[in-house]
Structure formats: C-alpha cells, structure tokens
Amino acid sequence: MLNTTLAEKFKKIQTPFYFYDVELLKKTAQTAIAEADKYGYKIHYALKANSNHKILKILSEMGFGADCVSANEIVRAVECGFNPKHIAYAGVGKTDREINTALDLEIFTFNCESLPEIENIDRLAAEKGKIADIAIRINPNVDAHTHEYVTTGLEENKFGISEWQFSETVGKIRSLNSVNLVCLHFHVGSQIVDMEVFETLCKKVNEIQKIFESFEIRLPHLNVGGGLGIDYKNPDANSIVDFKSYFEIFNKNLNLHKGQKLHFELGRSIVAQCGSLITQVTYVKNGRQKSFVITDGGMNDLIRPALYHAYHKIENLTSAKAEKNYDIVGPICESSDCFAKNEPVNETQRGDILAIRSAGAYGEVMASQYNLRELPKAYYSNEI
Ligand code: LLP
C-alpha cells in the first residue's frame, strides 16, 4: 500500500525508479509456499519476471526453486542462494555455452523443446562424461485465453513438442546414453485469470501421462509451468492472488503417479503486486478534448502498456484533489509511449509523484536504454 509518508520520501529520490514493498513480497511468497506445501508441491520462481538480487535472495531463503531461461539467469540464481538441484532451465534456443554452464552446475532439469536440442544436450553431456536430467516440454494445445504474445501452449507456437512427435522423441531419447528423462513439462501462457484454463491443462496432462504409460514410461516429476494471473485493476484489494484455489485445482484434477512430485514455475503472481514504477509529472498539457499528463518515466522503463496494451493502475500520491481523466504519457518520441488513456487520477499538476502499480513483474527486467535514457534504479521499502 502506498501512502503520503512514502510520497514525501519519494520526492527526495531521482525519478523514475522502481519501488518494491518487501513486506508484501514476503507475505505473498509465504502464502504461495504454505498453500503449495499442503500438497507437497514445489514452486520454482521464474526469474524472468524479476531478477533483482534482493528479491532473489528473499525468495531463495524462503525455499523456492528457480525457473531460468538463460545461463546468465542460472548463474544469477546460484549467486543469490538457489540450489542448482532446484533449477529448471527452459528455452527454445539454448546455446552450447549455456548448456555447458548448466551441465557444470548439475541443475534439476533441462526443459527440452525440440529433438535437435535433446541430441545436442546428449552430445555435450557425453563430452563431460555426465548424464543430463531432462524434461520434455510438451505443447498441450490448450488455449490460455490471454494476450497473443504471452500464450504459449497452442500448436502454432514455437514452444515445446507436440503429441504427434511423442513416439519419435521417446525412441530418440532411448537411443541416447547421456540424457535421462525425468519430467514432463507444460506451460500454456501467462496472466491467466480464467481458472478453467488450469482445469483443462490438468485433464490434458492426465491424457498425456497415459500416452507415456503406453510407452512404459512413468516419470518421477511433472512440471505444469506458471501463468497464474493477478488483478491489475485492484492491486490493493487483491494484493495477494488466490493461491489456495489455484493449487486446489491441481490437487483435484491432476492424477499424479504414486511418489510423483509436482512442480510449478510462478513468476508474476509472486512479484507483480509488490512493485511500482514511481515517476514525476514533468508537465500537464491541456488539449481541447483531453488533458495529457507527461511523466519522466517512459516506455523504456515499463514497456508492458506499449507492447501488450497492458493496463496498470496509476495513482497520484501527492494530490488529494478530485479525480480527472488524463492520458498519461512518457517523454519518448513514439505515440505508443503511453501508460494509460482516459485514466481517472486525482487532479494533477507539474511536480506530482505518480505510482504505476503492479509493475514488479516484467517491469524492470524489460527496461531498456532507448533514447539513451538511464535504466531505472530500484529501491526497497525496508531501505528508504
Ligand atoms: N514458465 C515458462 C516456461 C514461461 O515461459 C513463463 C513465462 C513462466 C514459467 C512464468 O510465467 P508467469 O507465472 O510469470 O506468468 N513479458 C510478459 C510475460 C511473458 C511470460 C513469459 N513466460 C508480460 O509482461 O506480460
């Protein structure tokens, strides 16, 4: 929750910057872990959502595993205290250098997305005299009903291996000596708020497990990815997502083999609500039809609205006046540099401090230096 005392502190810091509410992060993470623990489920935090050292240290200490998509993320995770034995490594284009780093660290699984990738991991593992534990990333052909850029489980996507390739894939893995299949991996998309999608995924996973049983394959692990969505409209009322119902769905609908361990890869639902982009108003420009609030933060600091038309609630922390509707825009020379259109915000003037909420996931990590701007810094509630 952001308040006026914080606003006073924010005024003394060079804007724009990311602000993280550490208490909320810890509460969210604790809730997720407690709900998952009820069923013995393991959560791997998806570093791609936010890979700040401080956030990672908090999460590794709380017992999360990690989900990484590059060797740099793996190295960062290990630096911040994650046990390599609990690191899953996904991605359609793992390079030899990256695979070698992961082999040296002896991670939990390589989540493999194609036959050529499996052959390559086998070759590199053999060179090191090692055996790599792998998961097949399965494309379950489930529609996540989410933005087209963040849906991943449909057949026309570049991700994963489809049902028609199972038999060939299993044959290939059986012929190789340096890979060991231990897990099936699924991920259907991100910002999923329709819980039925996860029910459909469970049913699909059950069917696919049966196909693998017909190959006489029973695996010790299943990984159902991440994707649990958050409430961007009401960040305070719903600051922590309903992890209880989420894990219940899997407990009710998924048939695990005896002793089989279920893994999750959650990113957004763990870190989104604890972060805000704090920005100062440079000008208020009144047009004939509408008024523009021009901020010192831009699409290079938070690209989600420009890239996905994503909604982020915006609050004026320094005005108590009645609300007015504004287009809230950044300073960058592109029309897409717009955080919100026709957004109701307390009447705003030059110098006011705005908070762009729910920006803890896929915010700072996607920032760039476009227009030769500086990368935004990060500040934490327990340090300012
Ligand atoms: N596992 C895999 C294999 C993934 O591809 C992703 C996200 C996750 C887990 C974590 O998903 P989450 O729990 O955070 O939804 N930049 C976009 C989101 C891209 C998501 C990519 N994959 C955004 O700003 O909405």
Side-chain angles (χ1 to χ4, degrees), residues 28-29 32 36 41-51 55 59 64-70 73-74 77 87-94 108-113 117 135-140 142 144-154 157-161 183-195 197-198 201 222-232 241-243 246-247 250 262-275 277 299 301-312 339 356-368:
T28 308
Y41 298 162
K42 177 84 188 171
I43 309 175
H44 300 251
Y45 166 66
L47 263 81
K48 64 175 84 64
N50 189 312
S51 46
I55 288 178
L59 296 177
F64 284 84
D67 162 40
C68 298
V69 287
S70 69
E73 279 193 358
I74 295 174
I87 295 182
Y89 176 22
V92 295
K94 303 176 187 77
F108 165 53
T109 51
F110 291 84
N111 296 348
C112 298
E113 312 238 6
E117 183 195 336
I136 302 179
R137 175 165 183 182
I138 289 174
N139 187 335
V142 168
H145 302 300
T146 179
H147 192 281
E148 59 171 323
Y149 284 8
V150 292
T151 184
T152 49
L154 284 173
N157 269 303
K158 67 178 173 179
F159 300 100
I161 291 174
C183 184
L184 299 179
H185 174 241
F186 304 82
H187 173 79
V188 287
S190 198
Q191 184 51 17
I192 297 167
V193 285
D194 173 1
M195 289 292 162
V197 171
F198 296 115
L201 171 65
L222 261 189
N223 181 341
V224 286
L228 178 59
I230 61 137
D231 189 345
Y232 280 97
V241 298
D242 186 359
F243 290 110
Y246 174 68
F247 291 119
F250 290 89
L262 187 58
H263 300 255
F264 293 80
E265 299 171 340
L266 296 175
R268 188 189 317 262
S269 52
I270 308 290
V271 292
Q273 296 291 28
C274 77
L277 178 67
M299 65 192 279
D301 302 301
L302 175 66
I303 201 175
R304 301 193 71 259
L307 189 57
Y308 313 117
H309 290 145
Y311 176 82
H312 286 259
F339 290 121
I356 306 183
R357 304 290 309 273
S358 316
Y362 307 109
E364 200 183 341
V365 278
M366 293 179 81
S368 76

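Counting convention: from 1, in listed order, for ligands and their atoms alike.
- Distances between N or O atoms of His185 and those of ligand 1 include no value under 3.5 Å.
- Distance alone, capped at 3.5 Å, is enough to place a donor-acceptor pair between the His187 side chain and the Gly226 backbone.
- Residue-ligand proximity, Leu266 to ligand 1, at heavy-atom distances under 4.0 Å covers atoms 13 (O).
- Near Ala46, the atoms of ligand 1 lying under 4.0 angstrom from a non-hydrogen atom of the residue are 10 (C).
- Note: no N/O pair closer than 3.5 Å links Ser269 and ligand 1 by distance alone.
- Close approach to Met366 involves these atoms of ligand 1, each under 4.0 Å from a residue heavy atom: 16 (N).
- Within ligand 1, counting atoms from 1 as listed, the ones closer than 4.0 Å to a heavy atom of Asp67 are 1 (N), 9 (C).
- For His187, every heavy-atom contact with ligand 1 shorter than 4.0 Å involves the side chain, none the backbone.
- Remark: distances from the non-hydrogen atoms of Gly227 to ligand 1 include one below 4.0 Å.
- Under a 4.0 Å criterion applied to the non-hydrogen atoms of Gly267, ligand 1 contributes the atoms 12 (P), 13 (O), 14 (O).
- Ring geometry for Phe250 against Phe198 counts as tilted: the plane angle lies between 30° and 60°, on a 0 to 90° scale.
- Geometrically, ligand 1 and Arg268 share a nitrogen or oxygen pair separated by less than 3.5 Å.
- Distance check: Phe243 CZ to Leu266 CG gives 6.5 Å after rounding to the nearest 0.5 Å.
- Tyr362 places no side-chain N or O within 3.5 Å of a backbone atom of Ile303 that could act as its donor or acceptor partner.
- Listed by number with element, the atoms of ligand 1 under 4.0 Å from a non-hydrogen atom of Ser190 are 11 (O), 12 (P), 14 (O), 15 (O), 20 (C).
- Scanning for side chain to side chain donor-acceptor pair (under 3.5 Å) contacts around Glu117 gives Lys94, with sequence neighbours left out.
- The aromatic rings of Phe247 and Tyr41 are tilted relative to each other, their planes meeting at an angle between 30° and 60°.
- Within the model, atoms CZ of Phe264 and NZ of Lys42 stand 13.0 Å from one another, a figure rounded to the nearest 0.5 Å.
- For the side chain to side chain contact (heavy atoms under 4.5 Å, CB included) with His185, the qualifying choice from Ile136, Asn111, Val224, Leu222 is Asn111, the only one to do so.
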